[in-house]
Structures are given as C-alpha cells and as structure tokens.
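Convention: sequence-line order gives letters A, B, ...; per-chain numbering from 1. All values derive from a computational prediction rather than experimental measurement.
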Number of protein chains: 2
Amino acid sequence: MNKELEKLLFNPVRLKILSFLFTVDSASFKKLIEVSEATKGNISVQIKKLEDAGLIKVRKKFEGNYPLTLCKITSKGKTSFELFFISLKSYETNKTEK
Amino acid sequence: MNKELEKLLFNPVRLKILSFLFTVDSASFKKLIEVSEATKGNISVQIKKLEDAGLIKVRKKFEGNYPLTLCKITSKGKTSFELFFISLKSYETNKTEK
DNA sequence: TAAACTAGTTTATAATATAAACCAAATTAA
DNA sequence: TTAATTTGGTTTATATTATAAACTAGTTTA
C-alpha cells in the first residue's frame, strides 16, 4: 500500500467513514455524521478527500424537497481498506514477540 | 481509551515507535529513525509527544563521546498500545458483516 | 412573514507534520 | 592545525490538515 493512501486512511474520521461504507455499501451524509461523530464541516471535507482518492463515489440528488448526499464505497475503496488493515497487522504483531 | 490518547496513536510515526518499543523495550534515537522511516526532526518531536503523554521514558546519556538518546516504553505505553488495537478492531470487524 | 430547521459548503483558525536550518562536539583530511 | 565532514540530536519555519464557525440555499412551521 502506497504512502499517500496510508496517510489518507490514518485518520479516524475517514477510516470510520470507509469502514462503515464497507458494511452498508451506501450511506447518507447524515448517517456518516452519526457514525463518525464528526462535525458537518469535517465530514464534508473528508468525504471529498475520499472521493478524490477514488475510494468512494458520491451522488447528490433530492429526496423530496431536501438535498441528499449519498456515498458508496468503490472497489478500490474496498481493497484499500483491507490493505490498510493488513499493513496495520505488522505493527500489532510486535506484541506477540515481546 | 480516551480521545486524546487515540489521537496521539493515530499517527504512523508514533505508532511505529511505540510498536517497536513494545518488542525491544529500549531503543536509540538512531534505531527509531530506521524503524519509523521518518526524519530526525520528526522523530525528535514525536518522541517528545510520546514522552509527554507518559507512554515512553527517555534517558539521555553519553556513549563514548557521543550523546545517546534511549527510549523505553512505560507500562502505560504498553497498555495504551494494546487498547489502541482493541479499539481499531471495531473498525475492521465491519468487513465480516458485509 | 418571520423564525426555525434541513442539508449541506466554505472559510478562518488552530494544531500538526515535516523538512530545513541550526547547534555542539567529535572525527577525519589537507 | 585548521578546515571540512560526521554524529546525534534540537529548534524553527512552512505547508498541510482538522475543525468549528459562519455561511448558503432552500423548506417547513407558527
């Protein structure tokens, strides 16, 4: 996994978003606020970063009268998420060598 | 695990340092540069942060004619490191719920 | 029609990461 | 012997990032 990608995912808010999208495949802006416990402004920025990196796809539409932002994980997002945890393992396994 | 601590460990360089100290119990500044692949300035700052948080203990002495900075993980550091990975699990387990 | 709410985005500021510059002393080379 | 280089760091300047606050644009309610 490349450095850029690791840096992107080494952030609680982005990792929570991606982690959640891994399970549900699609979620609203509102839901992501709830899941990540971050502010709206923060979520807005982090969604954009994940989108720019191609890890999620964002679709904006209207639900009734209100705007609705829907986020979906991409296949790149899925493999990146998995790779990230594989790379984390190398930190953790030190524990067993104590 | 509290928010401050999580934030402190949600950083590749600091996590690598702590992770390594978990295995060896004591390491030099030089060794930590090698392990973390970060610059001297960066390591210097991150060591201070880990020390301020009480996760590592730093001892400065002379080895022959040269200064030598030795870092050692504290018991708080050990439990923090373990707790951090336990909390990460909650992100990762989403994968299985797909 | 004014107040409050929804669903966001933008922006200002504070915090952080990092490289670069620096320091003090030791070593080596000229 | 003195100038250049190396060691083992620290400090600082700058760029990046995170975040809250302010804002946008429209909707609903009273």
Next item on the list: Check whether any side-chain heavy atom of Ser44(A) lies under 4.5 Å from a side-chain heavy atom of Phe29(A), and answer yes or no.
Entry: yes

Notebook entry, point to check: Going by heavy atoms in the side chains, are Ile17(B) and Cys71(B) under 4.5 Å from each other?
Noted result: no

Note to self: Suppose the criterion is salt bridge (charged side-chain N to carboxylate O under 4.0 Å, His left out): which pairs have a residue in residues 37-54 of chain A, not counting sequence neighbours?
What the structure shows: none

Next item on the list: Would you mind reading off the distance between Gln46(A) atom CD and dA20(D) atom P, rounded to a whole angstrom?
Entry: 11 Å

Notebook entry, point to check: Among all residues two or more places apart in sequence or in another chain, which pass the side-chain contact (heavy atoms from CB on, under 4.5 Å) test with Lys76(A)?
Noted result: Leu55(A), Thr74(A), Ser80(A)

Margin query: Taking 4.0 Å as the cut-off, does a side-chain nitrogen or oxygen of Arg14(A) come that near to OP1 or OP2 on dT17(D)?
Written below: no

Next item on the list: Would you please indicate if the ring centroids of Phe62(B) and Tyr66(B) are separated by under 6.0 Å?
Entry: no

Checklist line | Integer-rounded Å distance: dA20(C) P and Ile43(B) CD1 | finding: 16 Å

Note to self: Once side-chain contact (heavy atoms from CB on, under 4.5 Å) is applied, do any residues pair with Leu70(A), and if so which ones, sequence neighbours excluded?
What the structure shows: Ser26(A), Ser28(A), Arg59(A), Lys61(A), Leu68(A)

Checklist line | Rounded distance in Å - CG (Asn11(A)) to C1' (dT19(D)) | finding: 11 Å

Check: With sequence neighbours left out, what residues match Glu6(B) under side-chain contact (heavy atoms from CB on, under 4.5 Å)?
Finding: Met1(B), Phe10(B), Phe84(B), Ser87(B), Tyr91(B)

Polar-atom pairs under 3.5 Å, protein N or O versus N or O of nucleotides 11-14 of chain C: list them with distances, or write none.
none

Notebook entry, point to check: Do any side-chain nitrogens or oxygens of Thr39(A) fall under 4.0 Å of OP1 or OP2 in dT19(D)?
Noted result: no

Checklist line | OP1 or OP2 of dG8(C) under 4.0 Å from side-chain N/O of Ser44(A) | finding: no

Checklist line | Residues forming a salt bridge (charged side-chain N to carboxylate O under 4.0 Å, His left out) with Glu34(B), sequence neighbours excluded | finding: Lys31(B)

Close N or O pairs between protein and nucleotides 5-7 of chain C (under 3.5 Å):
from   : atom 1 : to       : atom 2 : distance (Å)
dA7(C) : O3'    : Pro67(A) : O      : 3.2

Next item on the list: List in numerical order all residues of residues 50-60 of chain A for which some heavy atom is under 4.0 Å away from an atom belonging to DNA chain D.
Entry: none

Notebook entry, point to check: Can you hop from Leu21(A) to Val45(A) via hydrophobic side chains spaced under 4.5 Å?
Noted result: no

Next item on the list: Apply side-chain contact (heavy atoms from CB on, under 4.5 Å) to Asn42(B) and list each qualifying residue two or more places apart in sequence or on a separate chain.
Entry: Val13(B), Ala38(B), Thr39(B), Gln46(B)

Next item on the list: Whole angstrom is fine here: how far is it from NZ in Lys7(B) over to P in dT17(D)?
Entry: 15 Å

Margin query: Without decimals, in angstroms, what is the distance between Lys16(A) NZ and dA18(D) C1'?
Written below: 14 Å

Next item on the list: Mind checking salt bridge (charged side-chain N to carboxylate O under 4.0 Å, His left out) for Lys72(A) and listing every partner two or more places apart, or none if nothing turns up?
Entry: Asp25(A)

Next item on the list: List in chain and number order the residues that pass salt bridge (charged side-chain N to carboxylate O under 4.0 Å, His left out) with Lys57(B), two or more places apart in sequence or in another chain; answer none if no residue qualifies.
Entry: none

Check: Would you say a side-chain N or O of Lys49(B) is under 4.0 Å from OP1 or OP2 of dA17(C)?
Finding: yes

Checklist line | Sugar-phosphate only, base, or nothing, as touched by Asn65(A) at under 4.0 Å among non-hydrogen atoms | finding: sugar-phosphate

Notebook entry, point to check: To the nearest angstrom, how far is Glu4(A) atom CD from dT18(C) atom C1'?
Noted result: 14 Å

Margin query: Just the rounded figure in Å: distance from P of dT7(D) to CD of Glu34(B).
Written below: 14 Å

Checklist line | Distance, rounded to the nearest Å, where Glu37(A) contributes CD and dA18(D) contributes P | finding: 17 Å

